[in-house]
Each structure stands twice: as structure tokens, then as C-alpha cells.
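See below for the structure under consideration.
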Amino acid sequence: MRTERGPAPACSALALRFAQVRALSEALVAPLSDADATIQSMDDASPAKWHLAHTSWFFETFVLRDHVPGYRIHDERFPFLFNSYYEAEGVRHARPRRGMLSRPSLDESLAYRAAVTEAVLAALPDLPPEAEALVALGCHHEEQHQELLLTDILHHFSVNPLEPAVWPGAPKVPVAMPGPTGWIEGTTGEVEIGAMASTSLNFAFDCEGPRHRALLHPHALADRTVTNDEWAGFIADGGYREPRHWLSDGWAWVQREGVDAPLYWYQQDGVWTRFGLDGRRPIDPAAPVTHVSFYEADAYASWAGARLPTEFEWEAAAAVHDPNGGNQLDSAGPVEPRPSTGGPAFFGDVWEWTGSAFRPYPGFRAPDGAVGEYNGKFMSGQFVLRGGSCATPRGHARASYRNFFYPHQRWQFTGVRLAKDL
């Protein structure tokens with residue numbers, strides 16, 4: 001029990017962070033109608049109101065239910081609807097059918113959020129340390145869903161023939177095209193990789209550790225990510241029609257899906273446009289290319305006479321850069337990658353595909369309980385991305401952060417940084 005002087009400073013800081021995270025999620029959906037928030041355009045995406053409710057279910061289940069004596073579940077039907085993939089929490093509504101949940105409504109989902117938020121804030125002063133750690137995890141979990149919320153809305157709206165905009169586009173400011181790719185010589189030899197043990201002040205997901213040594217061979221990384229203009233050159237040179245640049249699975253994917261450009265690109269009368277959260281607009285040739293799969297990233301690297309960096313090469317290079325710099329998500333509003341303003345930037349704009357499989361580090365052990373299912377069981381068949389994007393909440397990413405997706409997926413803000421051997 002806390003003393004009568006009130007919650008400890010750490011608890012107050014956690015309460016502020018929790019409240020800020022919850023508020024941002026709600027600001028992101030403010031432009032949406034109930035119908036907008038209900039639709040599901042593909043199995044990989046979820047309805048906006050499902051994200052709102054699922055993140056509330058996470059706090060309600062792992063914090064309130066498990067650590068607040070006498071707490072009563074807001075609605076006994078909701079755990080079945082809003083559990084995502086936690087087998088330890090029992091049966092759940094099928095992921096591909098989340099778009100069929102016309103009820104609860106958006107307003108009811110927001111009311112559920114409000115009740116959970118109020119209960120967590122009331123409980124925080126008396127929570128044991130292990131429950132405070134779960135609140136911190138829940139905040140980072142909700143930030144992941146904020147990015148998914150944006151990219152899922154983008155996909156939902158992209159299949160609407162009206163191509164509606166969520167927010168008006170930011171005014172375009174002419175910038176100079178980036179110069180030729182420069183190269184940053186990487187560290188050679190043994191390097192320390194991964195996060196230290198997570199603390200209340202320095203959070204890290206379980207998959208970011210244990211910290212360990214990796215051996216790097218002579219290499220260099222590009223000083224910026226690949227631009228839209230450079231990608232248009234790849235297309236014009238027949239990059240999507242030349243199998244020699246593609247992995248076998250990637251070439252089969254291109255042929256099967258009829259892929260001939262990044263997701264959301266469309267060409268008419270020789271002019272490329274892209275669809276974004278601000279509607280359809282001409283591509284910005286100086287901005288980083290985005291919405292490309294691992295297969296496309298690997299093929300482009302082959303075409304360019306380079307390769308993708310390993311996640312260890314990327315982390316060693318990024319460790320000296322500010323993870324809170326760059327173009328990241330600060331508030332609800334226009335979200336898109338922006339042209340480089342000079343200097344190597346490793347954080348923001350687009351997630352950068354690496355050539356590394358998402359596998360456990362030496363000594364990795366998943367935590368006990370249902371939260372142990374958070375990352376470990378997905379360490380098969382996926383590739384690591386680094387650096388965060390324009391839709392990643394600022395403060396969420398760090399050099400050791402390991403995002404991961406299947407090689408064909410590209411509805412996230414994913415881009416490419418080249419590497420080469422020396």
C-alpha cells in the first residue's frame with residue numbers, strides 16, 4: 001500500500017504515460033464514422049474499433065483482472081471478441097471475421113475504453129511492481145496498435161473506389177532531390193547487440209534480448225533509404241519482369257499476385273500516384289519509397305548491385321543516433337514519409353527491411369504466463385525490420401527494437417536501406 005502522501009513519482013510518470021497513450025489512440029479515430037471503424041479489408045488488417053477494444057482488453061485482463069482484487073469484467077462477452085492470439089486465454093473470435101462485428105458500436109467501444117482507463121488510473125497507486133510492469137508493457141503494446149490502426153485504416157480506405165482521405169494533405173514544400181547514395185563504413189569485428197533487461201525506465205520487448213555478441217564482417221550501409229524516384233527507375237528498367245533479381249518465392253509471389261509496383265501506386269498517362277491517408281496524390285520523387293515487401297526490397301537490392309543489411313549491421317550503425325529523431329508519429333494528422341533533409345537518419349519515415357530472419361537470440365526465454373506468447377511463438381518464417389516509421393509513435397523505437405513481418409507483407413510503412421560488402 002502506498003503512503004498517504006500519494007503515489008510514488010514513478011507511478012505518477014506511468015499514469016501520465018498511460019493517459020497520453022490512451023488519448024492518442026482515440027484522437028487517431030476521431031475522423032472515423034462507425035462504418036469506417038467497423039470494416040476489415042483483409043485478414044492481416046483489423047477494424048479500428050477492434051484495435052480500440054483489444055488494447056483495452058489487454059489492460060483489463062492482465063492488469064485489472066489479475067491484480068486488482070474485486071474487479072469485475074466490464075462485459076463478460078468481450079474477452080471472446082477481443083483476445084487476439086493468446087491461447088492461454090481461451091477460445092476467441094476468428095481473426096478474418098473481425099469485420100463482421102457490427103456490435104459493439106464505435107461509441108460502445110469508446111465507452112469500454114473509458115471504463116478501463118478510469119479503472120487502471122484508480123488502481124495504479126496500489127499496484128504491485130509486477131503489475132506496473134504490465135501497465136508499461138500495455139502502453140508499448142498499444143503504441144504498436146496505433147501504428148497498425150493507421151496502416152489498417154489506409155488499407156481499408158484504399159479498397160473504396162472513392163479513395164477517401166482521413167486527413168487533408170500537408171502542404172508540399174519543394175525540396176532538392178537527394179544526391180547519389182553515400183556509404184557509411186560499418187563496424188568490423190565483435191559488437192554487443194540487443195537490449196539490456198527491461199526496466200521501468202528503459203523498456204524493451206523480450207525479443208530484443210538477451211544482449212549478446214555478434215561478429216560483423218567488413219561492410220557499409222547506405223546513408224539514406226531508397227527514394228520513390230529510384231524505385232521508379234527500377235520499375236522502368238523492368239525490375240518486376242526480370243526473374244534473375246528475385247528469390248524463388250518472391251518471383252512466384254510477383255507472378256501469382258500480378259505485382260508490378262509498390263502497394264498503393266498507380267500509373268496513368270505515364271504519371272505515378274500513390275494513395276495515402278491524405279487521399280491519392282502524385283508520388284514525391286524525393287521521399288523514401290514505402291509499402292514494399294521483403295521480396296521487393298531484396299530484388300531491388302540485387303538490381304542495384306547491393307544487398308539488404310543484417311539486423312546486427314543496422315543496429316551497430318544506428319546505436320549512435322537519436323531514436324527520437326526523424327519523422328515519427330506525434331499526434332493525429334497527416335502521416336507520410338518525408339524527403340531527407342540531410343545527414344544519415346536511421347529512425348522514422350519507413351521501417352527498413354533487413355536480411356535477417358526473426359529468430360530468438362542466444363539464451364532467449366519467453367516470460368511465464370499468457371504474456372509469454374507476445375513474441376516468441378512468432379519466431380518462424382518472418383524477417384526483421386528496424387528503425388520505425390512515420391506512423392510509429394515517437395519514443396517507441398530504439399536501436400535494439402525488432403519489428404517483424406512475413407516476406408510478402410507490405411501494408412505497413414516499409415522501405416529499403418542498402419548495404420554492401422567491403
Side-chain angles (χ1 to χ4, degrees), residues 14-32 36-41 44-60 62-63 82 84-85 95 98 106 109-110 112-114 116-117 120 134-158 165-167 203-205 276-278 290-291 323-324 326-338 347-351 374-375 385-398 401-405 409 411-414:
L14 183 58
L16 177 61
R17 171 161 166 71
F18 170 77
Q20 290 173 334
V21 168
R22 301 289 281 173
L24 178 56
S25 296
E26 288 147 27
L28 293 175
V29 302
L32 304 183
D36 292 335
T38 300
I39 57 175
Q40 180 181 22
S41 51
D44 287 335
S46 295
K49 69 181 181 183
W50 186 92
H51 286 293
L52 296 174
H54 165 72
T55 50
S56 298
W57 169 86
F58 188 97
F59 286 112
E60 182 178 48
F62 299 124
V63 177
F82 302 125
S84 54
Y85 53 70
R95 178 176 181 175
R98 290 171 184 168
L106 176 58
S109 300
L110 289 169
Y112 174 42
R113 284 183 63 83
V116 170
T117 297
V120 171
L134 288 168
V135 174
L137 173 63
C139 288
H140 287 268
H141 166 257
E142 182 150 343
E143 286 178 330
Q144 290 180 316
H145 278 272
Q146 288 166 351
E147 182 158 10
L148 288 167
L149 179 70
L150 289 172
T151 52
D152 290 359
I153 292 170
L154 174 58
H155 195 273
H156 300 333
F157 279 21
S158 76
V166 180
W167 295 285
F203 177 86
F205 287 109
L277 290 164
D278 55 355
T290 190
H291 301 300
N324 294 318
N327 175 25
Q328 301 180 53
L329 180 68
D330 294 303
S331 60
V335 173
E336 65 172 330
R338 299 174 188 159
F347 294 93
D349 281 315
V350 292
W351 286 101
Y374 200 104
N375 287 309
L385 302 98
R386 297 291 194 126
S389 80
C390 55
T392 304
R394 194 176 305 278
H396 182 72
R398 54 204 156 266
Y401 194 106
R402 308 173 77 200
N403 200 355
F404 53 93
F405 287 104
Q409 291 175 319
W411 91 108
Q412 296 297 307
F413 287 97
T414 50

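- In this structure, CZ on Arg22 lies 3.5 Å from OG on Ser56, to the nearest 0.5 angstrom.
- The main-chain N or O of Thr290 is never found under 3.5 Å from a side-chain atom of Thr414 such that the two would form a donor-acceptor pair.
- Pairing each heavy atom of Gln328 with each of Gly348, the nearest pair is CG-CA, 3.8 Å.
- At a cut-off of 3.5 Å, with distance as the only test, a side-chain donor of Ser389 or Glu147 sits close to an acceptor on the other residue.
- The closest side-chain heavy-atom distance from Asn324 to Phe347 is not below 4.5 Å.
- Using cut-offs of 30° and 60° for the angle between ring planes, the Phe18 and Phe59 rings count as perpendicular.
- Closest approach of Ala397 to Pro323, counting heavy atoms only: O-CB, 3.6 Å.
- Without hydrogens or angle criteria, Arg394 side chain to Ser331 main chain gives no donor-acceptor distance under 3.5 Å.
- The minimum heavy-atom distance between Phe58 and Leu134, with the atom names listed, is CE2-O, 4.2 Å.
- Electrostatic pairing of Glu143 and Arg17 counts as a salt bridge here, judged by a charged N lying under 4.0 Å from a carboxylate O.
- Residue Val166 is tested with Leu277, Val29, Leu150, Asp36 for a side chain to side chain contact (heavy atoms under 4.5 Å, CB included); the sole match is Leu277.
- Counted by atom type alone, His155 and His291 present zero donor-acceptor pairs between their side chains at under 3.5 Å.
- Considering only heavy atoms from C-beta on, Leu148 comes within 4.5 Å of Gln412 through its side chain.
- Taking the six-membered ring where tryptophan is involved, the planes of Phe203 and Phe205 are perpendicular, since the angle between them exceeds 60° and thus also 30°.
- Put simply, the side chain of Asp349 gets close to the backbone of Arg338: a donor and an acceptor are under 3.5 Å apart.
- Nearest approach of Gln40 to Ala45, heavy atoms of both residues: NE2-O, 2.8 Å.
- In this structure, His54 and Trp50 have parallel ring planes: the angle between them is below the 30° cut-off, well short of the 60° mark.
- Heavy-atom minimum distance, Asp278 versus Glu336: OD2-OE2, 3.9 Å.
- Rounded to the nearest 0.5 angstrom, Gln409 CD and Leu385 CG are separated by 10.0 Å.
- No side-chain N or O of Arg95 forms a donor-acceptor pair with one of Ser46 less than 3.5 Å apart.
- The shortest distance between side-chain heavy atoms of Thr392 and Phe413 does not fall below 4.5 Å.
- Considering only heavy atoms from C-beta on, Asp152 comes within 4.5 Å of Trp411 through its side chain.
- Annotation: side chain of Leu24 is in contact with side chain of Leu329 (closest heavy-atom distance under 4.5 Å).
- For the atom pair CD of Gln144 and OH of Tyr401, the computed distance is 3.5 Å after rounding to the nearest 0.5 Å.
- Residues Ala332 and Ala27 approach most closely at CB-O, 3.6 Å, considering heavy atoms.
- Each of Arg113, His145, His141 was scored for a side-chain hydrogen bond (donor to acceptor under 3.5 Å, both in side chains) with Thr55, with one residue passing: Arg113.
- Contact annotation: the side chain of Ser84 approaches that of Arg98 to within less than 4.5 Å [non-hydrogen atoms, C-beta and beyond].
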